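Input: a single structure, listed below in structure tokens.
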Amino acid sequence: MAASPPPYTTAPSLGHLQGISHGFFGRRGGTSSGIYDSLNAGAGSEDDAKAVAENRARIALAIGARSADYLMSCFQHHSADALLIKEPSAERPKGDAMVCKTPGIALAIMTADCVPILFADTEAGVIGAAHAGWKGGIDGIVKATVEAMEAIGADTGRIVAAIGPSIGKASYEVGPEYRDRFLEDNGMNNRFFDAGKKDRFLFDIQGYIHAKLVRAGLSRVDLIAHDTCAMEADYFSNRRRNHRGEPDYGRNASVIMLKET
């Protein structure tokens, strides 16, 4: 009996678009066990490779891709590098965003607290997917992704985007040096920090990335305000594993694809 596709969350901004398939996948519906229970999609984790491959096959099935061979990921390294994907490949090119205009290729971003962003301009037939950690966020991954989409025909004013599940402000405690770096970049960033315990601050990375997308001039930006660190039954979280001293963690997948006609 074939495995049923895993559950996923969709965003209104993308869900009503014709010709687009997308989904924000968490940890449910897979085959991995232990700390990777159960839909770990991260090829870079220490999980059993066969389990990861099966999990990715299930994600590909759910999104409507031909197979996991059409589920493209990159080797994420907290950069502002956006890559153009033209065809399926077994390689994971180094970067933190991908753009594409080839129907049938699913762009899959891996996160475990960082912010996944999915983009689409259906008139141009261009999609994008980005991984925005705090470093990529401040270094310009949003701008780089939008510019890469424009380079293959997208128009900023037509692009819609959705921010997927990521760490929430209540779970994201940082030190003063971290806040200082954001204030040096832009004093208005102070609005994304609340006072925490002692000298610590709580950082709203979801709000920070949302503001970046809005300032970029996109047509619409949705935010799925799920806290990956707090919602243990639903999502993997690197910060939660750090609190527990666990050796590794699973990865959540955020996927978008232009449907084949």
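None of the values given here were measured: they were computed from a predicted structure. The chain is numbered in sequence order, starting from 1. Below, each value reflects all heavy atoms present in this structure, side chains not excepted, and no hydrogens, waters or symmetry copies.
- If you check the side chains of E150 and T156, you find a donor sitting under 3.5 Å from an acceptor.
- S67 OG to L61 CG: the interatomic distance, rounded to the nearest 0.5 Å, is 11.0 Å.
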May I have the step-by-step check of ring pair (Phe, Tyr, Trp, His ring centres under 6.0 Å) for F236 and Y249, ending in yes or no?
CA-CA 7 Å; F236 296 109; Y249 55 98; 8.5 Å; no
Is there a side chain to side chain contact (heavy atoms under 4.5 Å, CB included) between I59 and V255 once you walk through the steps?
CA-CA 9 Å; I59 291 169; V255 188; 3.8 Å; yes
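- Interatomic distance, CZ of R181 versus CD1 of I138, reported as 5.5 Å (0.5 Å rounding).
- Both V142 and F192 are members of a single hydrophobic cluster when ILVMFWY side chains are connected at heavy-atom separations under 4.5 Å.
- Shown here for F25 and P7, the closest heavy-atom pair between the two residues is CD2-O, 3.6 Å.
- Only one option out of I205, I224, V115 pairs with I163 in a side-chain contact (heavy atoms from CB on, under 4.5 Å); it is V115.
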Show the numbers, then the answer: is there a side chain to side chain contact (heavy atoms under 4.5 Å, CB included) between S45 and R251?
CA-CA 8 Å; S45 71; R251 274 69 159 180; 3.2 Å; yes
Full working for salt bridge (charged side-chain N to carboxylate O under 4.0 Å, His left out) between D47 and K50
CA-CA 9 Å; D47 192 7; K50 290 183 179 179; over 6 Å; no
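- Here the shortest heavy-atom pairing between L39 and P6 reads CD2-CB, 3.7 Å.
- The side-chain hydrogen bond (donor to acceptor under 3.5 Å, both in side chains) with S73 is formed by just one residue from the set R92, R56, H131; it is R56.
- Taking the six-membered ring wherever Trp is involved, the centroid distance between the rings of F24 and Y8 does not fall below 6.0 Å.
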Might you work through the salt bridge (charged side-chain N to carboxylate O under 4.0 Å, His left out) test for E260 and R66, ending with a clear yes or no?
CA-CA 10 Å; E260 294 182 285; R66 295 185 194 181; 2.7 Å; yes
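- Remark: side-chain polar atoms of H226 are not paired, donor with acceptor, to backbone N or O of M231 under 3.5 angstrom.
- The shortest non-hydrogen separation linking I256 to G128 is CG2-O, 3.6 Å.
- A salt bridge does not link R239 to D113: none of the charged side-chain nitrogens sits closer than 4.0 Å to a carboxylate oxygen.
- The environment of E177 atom CD is dense: over 12 non-hydrogen atoms of other residues, nucleotides or ligands sit within 6.0 angstrom.
- In this structure, N252 CG and N238 CG are separated by 11.0 Å, a value rounded to the nearest 0.5 Å.
- A distance of 9.0 Å separates CG in L83 from CE in M72, rounded to the nearest 0.5 Å.
- Checked against the 6.0 Å centroid criterion, the rings of F203 and F182 qualify as a close aromatic pair.
- Salt bridge status for E184 with R179: absent, with no side-chain N to carboxylate O gap under 4.0 Å.
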Apply the test salt bridge (charged side-chain N to carboxylate O under 4.0 Å, His left out) to residues E173 and K198: give CA-CA distance (whole Å), side-chain angles for both, the deciding distance (0.1 Å), then the verdict.
CA-CA 11 Å; E173 188 176 65; K198 297 183 179 179; over 6 Å; no
I159 and S219: CA distance, side-chain angles, deciding distance, side chain to side chain contact (heavy atoms under 4.5 Å, CB included) verdict:
CA-CA 5 Å; I159 297 174; S219 172; 5.9 Å; no
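- A side-chain donor-acceptor contact under 3.5 Å links D96 and S79.
- Taking each heavy atom of V126 and G153 in turn, the nearest pair found is CG2-C, 4.5 Å.
- Rounding to the nearest 0.5 Å places CG of N40 at 9.0 Å from OG1 of T31.
- The CD1 atom of I85 lies 9.5 Å from the OG1 atom of T102; values are rounded to the nearest 0.5 Å.
- R240 places a side-chain N or O within 3.5 Å of a backbone atom of C229 that can act as its donor or acceptor partner.
- The side-chain tip of R191 does not point at the ring of F193 from less than 6.0 angstrom away and within 45° of straight on.
- Across all non-hydrogen atoms, the minimal contact from M110 to Q76 is O-NE2, 2.7 Å.
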Side chain to side chain contact (heavy atoms under 4.5 Å, CB included) evaluation trace for K259 with I20:
CA-CA 6 Å; K259 294 179 181 179; I20 295 289; over 6 Å; no
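- With salt bridges taken as basic N to acidic carboxylate O contacts below 4.0 Å, one links E54 and R58.
- Salt bridge status for D234 with R27: absent, with no side-chain N to carboxylate O gap under 4.0 Å.
- Nearest heavy-atom pair across I127 and M257 is CD1-CA, 3.8 Å.
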